[in-house]
J.: 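Right, I'll just put the structure down here and ask away after.
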Number of protein chains: 2
Amino acid sequence: MRITYKGDYALKTILDLALNYNNGVVTIHDLAKRLDIPVKFLEQVLLNLKKGGFVESRRGKIGGYLLAKHPAKIKVGDVVRFVEGYVEPIACIENGYKGCRDLYRCAFRPVWQRVDEATKSVIDSVNFEELVEKARANRRNFVYSI
Amino acid sequence: MRITYKGDYALKTILDLALNYNNGVVTIHDLAKRLDIPVKFLEQVLLNLKKGGFVESRRGKIGGYLLAKHPAKIKVGDVVRFVEGYVEPIACIENGYKGCRDLYRCAFRPVWQRVDEATKSVIDSVNFEELVEKARANRRNFVYSI
DNA sequence: ATAATCTCTATCATATTGATAGAGTATACA
DNA sequence: TGTATACTCTATCAATATGATAGAGATTAT
């Protein structure tokens with residue numbers, strides 16, 4: 001797994017929408033400003049997240065984006081898998097991979113499998129409800145420390 | 001961490017040289033044939049591994065490559081770090097990274113750090129002496145199972 | 001009507017990836 | 001001393017991914 005800007009932006013966007021859950025829609029413009037993401041890039045990220053069923057949109061004058069599911073129902077791993085396309089540390093570990101002469105005798109395979117399992121156990125154990133709590137706590141700490 | 005062909009080839013090359021440790025040099029040609037790697041690509045991989053201090057070379061008529069250290073002294077993590085350039089799941093976790101507005105308040109940071117630690121604990125716990133044993137065992141199993 | 005918003009597709013510059021090409025240098029050995 | 005057999009070095013290439021920009025739509029509250 002390697003997270004690119006694409007994935008980073010997607011995760012931060014979903015966290016922002018989770019922070020605004022049950023609070024109406026958020027516009028691309030506001031998201032872009034708060035998260036420091038180029039507006040036109042964020043457009044594509046959001047359209048993709050919509051295709052993935054993570055967000056919904058409202059068009060028109062008071063339109064914007066909102067989360068399609070409860071934050072507790074979205075895991076970090078779900079988003080990474082959908083946006084980046086994979087989570088595995090090497091292609092030969094991916095499901096349905098063909099193209100290695102002797103996949104099952106490979107001495108490295110168990111190593112990659114252990115990395116893969118450890119990675120997934122982390123990213124699939126964190127949902128956006130927890131992240132919202134953590135983000136709010138961090139914000140409080142920050143304000144108090146000034 | 002995401003292993004590309006570059007890293008995969010490097011690891012397999014070092015394993016092959018480890019299997020031939022104390023057994024003279026191995027030519028690029030033999031390595032390329034056994035490992036199914038394009039010769040001219042393998043050249044570059046080997047020159048790089050030499051720069052990294054993993055292998056040594058002998059030029060001339062009976063030249064070839066050999067491991068620069070004992071297989072037990074080379075960890076999978078060492079090779080990946082050198083060849084791929086990083087091991088972290090995202091750039092902001094890399095040492096000396098600047099460029100995030102509030103790195104220490106980021107709700108995702110602890111997630112990436114956990115992935116990072118888990119990954120490193122795997123790849124830094126496997127050395128090429130163990131891999132040689134495993135590879136020899138796998139080869140035996142294969143022969144017996146025919 | 002119109003302003004504000006999302007939608008869609010095309011394009012772009014740059015870097016990375018995986019691979020190929022060819023001329024050079026060193027060494028064993030007949 | 002010639003030559004075959006190796007490693008050495010640098011350039012180049014096609015294809016793809018990455019991060020970003022552009023502009024013309026479609027929708028909706030007021």
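Side-chain atoms are counted along with the backbone in the values below, which use heavy atoms only and exclude waters and symmetry mates. Letters go in sequence order (proteins before strands), and every chain restarts at 1.
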J.: Below 4.0 angstrom, N of the basic side chain to O of the carboxylate: do A:K12 and A:D16 qualify?
T.: no
J.: Rounded to whole angstrom units, what separation is found between the NZ atom of B:K6 and the C1' atom of C:dA15?
T.: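 Nearest whole value for this atom pair: 12 Å.
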J.: Which comes earlier along DNA chain C counting from the 5' end, the contact point of B:E84 or that of B:L42, where each point is its nearest nucleotide?
T.: B:E84
J.: Summarise how protein sits on nucleotides 23-30 of chain C as a single string, 5' to 3': B when a protein heavy atom is under 4.0 Å from the base, S for sugar-phosphate-only contact, - for no contact.
T.: -BBBBB--
J.: Answer yes or no: is there an ion pair linking A:R2 with B:E94, defined by an N-O contact shorter than 4.0 Å?
T.: yes
J.: I'd like to know if B:K120 pairs up with B:E117 as an ion pair, taking the criterion as any Lys NZ or Arg NE/NH1/NH2 lying under 4.0 Å from an Asp or Glu carboxylate oxygen.
T.: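 No salt bridge links B:K120 with B:E117.
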J.: Between C:dT16 and B:Y5, is there an OP1 or OP2 to side-chain N/O distance shorter than 4.0 Å?
T.: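 No, outside the criterion.
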J.: Considering heavy-atom distances to DNA chain C, does B:P38 or A:K50 have its closest nucleotide positioned more toward the 5' end?
T.: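 Going by which nucleotide is closer to the 5' end, it is A:K50.
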J.: In whole Å, what is the span from the CG atom of A:D30 to the P atom of C:dT5?
T.: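 From A:D30 CG to C:dT5 P: 8 Å.
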J.: Do B:K69 and B:F54 form a cation-pi contact, if we require the NZ or CZ to be under 6.0 Å from the six-membered ring centre and within 45 degrees of the ring's axis?
T.: yes
J.: Under a 3.5 Å threshold, yes or no: a donor from one side chain and an acceptor from the other, between A:E130 and A:N127?
T.: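 Their side chains do contain a donor-acceptor pair, which is all the 3.5 Å distance test asks for.
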J.: Could you check how far CZ of A:F41 sits from C1' of C:dC8, rounded to whole Å?
T.: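 Going from A:F41 (CZ) to C:dC8 (C1'), I get 16 Å.
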J.: So do A:M1 and A:I3 actually touch side chain to side chain, heavy atoms under 4.5 Å?
T.: yes
J.: Considering every strand and a 4.0 Å limit on heavy-atom distances, what is the contact class for B:I28: base, sugar-phosphate, or nothing?
T.: sugar-phosphate
J.: If I take atom CZ in residue A:R2 and atom P in nucleotide C:dA15, what distance separates them, rounded to the nearest angstrom?
T.: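 Going from A:R2 (CZ) to C:dA15 (P), I get 17 Å.
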J.: Starting at atom CG of B:L47, determine the distance to atom C1' of C:dG18, rounded to an integer number of angstrom.
T.: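 About 16 Å, once rounded to whole Å.
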J.: Is it the case that atom OH in B:Y5 sees more than 12 heavy atoms from other parts of the structure closer than 6.0 Å?
T.: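 For B:Y5, atom OH is not crowded (no more than 12 foreign heavy atoms under 6.0 Å).
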J.: Quick check: on DNA chain D, is the nucleotide nearest A:Y86 upstream (toward 5') of the one nearest B:H29, or the reverse? Name the residue that is more 5'.
T.: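 Final value for this comparison: B:H29.
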J.: What are the 5'-most and 3'-most nucleotides of DNA chain D lying under 4.0 Å from any heavy atom of chain A?
T.: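 Under 4.0 Å from chain A, the extent on DNA chain D is D:dT18 to D:dA29.
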J.: So that I can tick it off, tell me whether A:E129 and A:K73 are bridged by a salt bridge, with the cut-off set at under 4.0 angstrom between side-chain N and carboxylate O.
T.: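 The answer is no: the pair does not qualify as a salt bridge.
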J.: Hey, is B:E133 close enough to B:R136 for a salt bridge, meaning N to O under 4.0 Å?
T.: no
